[in-house]
*Asks:* 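Once you've had a glance at the structure underneath, I'll fire off some questions.
Per chain, numbering begins at 1; letters A, B, ... match sequence-line order.
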Protein chains: 2
Amino acid sequence: MESEVSQCRVEEALGIVVGKWKPVIILYLLHEGTKRFSELKRSMPGITQKMLTKQLRELEEEDIIKRVVYPQVPPKVEYSMTDYGRTLSPILEAMHEWGTNHVIHKQTIKVVEKEA
Amino acid sequence: MESEVSQCRVEEALGIVVGKWKPVIILYLLHEGTKRFSELKRSMPGITQKMLTKQLRELEEEDIIKRVVYPQVPPKVEYSMTDYGRTLSPILEAMHEWGTNHVIHKQTIKVVEKEA
DNA sequence: TGCTATAGTATCCGAAAAGATACCATAGGA
DNA sequence: TCCTATGGTATCTTTTCGGATACTATAGCA
């Protein structure tokens, strides 16, 4: 039983959460519950339709979010977290907290460097 | 005080941890302590010298790891986690755990799909 | 004299991710 | 009759990431 670095499963979690938009999508759905495609798009200024669709499909593929299509015209599609997807919450929250602190920490480093 | 998605600081943490090699480097240094450049390289088959150097420089820049150069020839350079860098540990461990479980979960989904 | 080990740099290349843009179907309303 | 809203797809271009390869310096050793 050696400590093999190659058995690292961090990338499994990372692969789901990384990207410019995925954490935003997940946190939004975690906090706001069920949302329509158009609501997601409006809440993420700068994202293209193609990008949003792609990210949502990938998250759905991994069973993180649920996609419900209502047979209407114009179409209505709702997205929400799955129970399984919600298990990501502690990780996301921890990263959010760490990230918030890191912004401050970076400024502290710079000050220390200037003094030195 | 509205829940603005754009204030999301997850990316701050994510930016440090993502990449093909960074989680591996961090976990290795967390578990094994101080390591020389050549030891890191040997423990990560497939990484090029350029990549390893680049990742290490970026982690050093963010105050996650410490770089100590010994004025010798041939050169000796040691890398280790900073105290601050060690604060990433819970996040990495959580992701590792989640990732390990996710590998199993994906198989479960496939089985359920086949049955349906 | 030439070879090795160490910790790098410098360039170039290909693949992958992200973005811009245009297009589609159709119910309901003006 | 034409326009709008919705939730997409299909292409093309740009940007970024990662990798291959070659090059560097120099102490010590045979």
*Asks:* For the pair Glu58(A) and Lys22(A), evaluate salt bridge (charged side-chain N to carboxylate O under 4.0 Å, His left out) and give the outcome as yes or no after the intermediate values.
*Replies:* CA-CA 9 Å; Glu58(A) 287 174 11; Lys22(A) 277 180 186 168; 2.6 Å; yes

*Asks:* Please give me every residue in residues 53-73 of chain B whose heavy atoms get under 4.0 Å of an atom in DNA chain D, ordered by residue number.
*Replies:* Val73(B)

*Asks:* Can you pull out how bent the helix from dT1(C)-dA30(D) to dA30(C)-dT1(D) is, comparing the axes over its first five and last five pairs, to 10°?
*Replies:* 30°

*Asks:* Less than 4.5 Å apart, side chain to side chain, heavy atoms only: is that true for Thr108(A) and Tyr84(B)?
*Replies:* no

*Asks:* I'd like to know if Glu12(A) and Lys106(B) make a salt bridge, using a cut-off of under 4.0 Å between side-chain N and carboxylate O.
*Replies:* yes

*Asks:* Does a side-chain N or O of Arg36(A) approach OP1 or OP2 of dT6(D) to a distance below 4.0 Å, or not?
*Replies:* no

*Asks:* As a test of understanding, state which of Ile16(B), Val10(B), Val17(B) forms a side-chain contact (heavy atoms from CB on, under 4.5 Å) with Trp98(A).
*Replies:* Ile16(B)

*Asks:* Please determine if a side-chain N or O atom of Lys20(B) lies less than 4.0 Å away from the OP1 or OP2 oxygen of dG19(D).
*Replies:* yes

*Asks:* Would a 4.5 Å heavy-atom cut-off, applied to side chains only, mark Lys54(B) and Arg57(B) as touching?
*Replies:* no

*Asks:* If you only use heavy atoms from C-beta on, which nucleotide in dT6(C), dG8(C), dG8(D) is closest to the side chain of Phe37(B)?
*Replies:* dG8(C)

*Asks:* Would you say the side-chain atoms of Thr82(B) pair up with the backbone N or O of Lys66(B), donor to acceptor, closer than 3.5 Å?
*Replies:* no

*Asks:* Measure from the side chain of Lys50(B), starting at C-beta and using heavy atoms only, and say which of dG18(D), dT11(D), dG8(C) lies closest.
*Replies:* dG18(D)

*Asks:* Using a cut-off of 4.0 Å on non-hydrogen atoms, how would the nucleic acid contact of Lys41(B) be classed: base, sugar-phosphate, or nothing?
*Replies:* nothing

*Asks:* OP1 or OP2 of dG19(C) versus the side-chain N and O atoms of Thr48(A): is any pair under 4.0 Å?
*Replies:* no

*Asks:* Which comes earlier along DNA chain C counting from the 5' end, the contact point of Pro75(B) or that of Gly19(A), where each point is its nearest nucleotide?
*Replies:* Pro75(B)

*Asks:* Restricting to ring pair (Phe, Tyr, Trp, His ring centres under 6.0 Å), what partner residues turn up for Trp21(A), sequence neighbours left out?
*Replies:* none

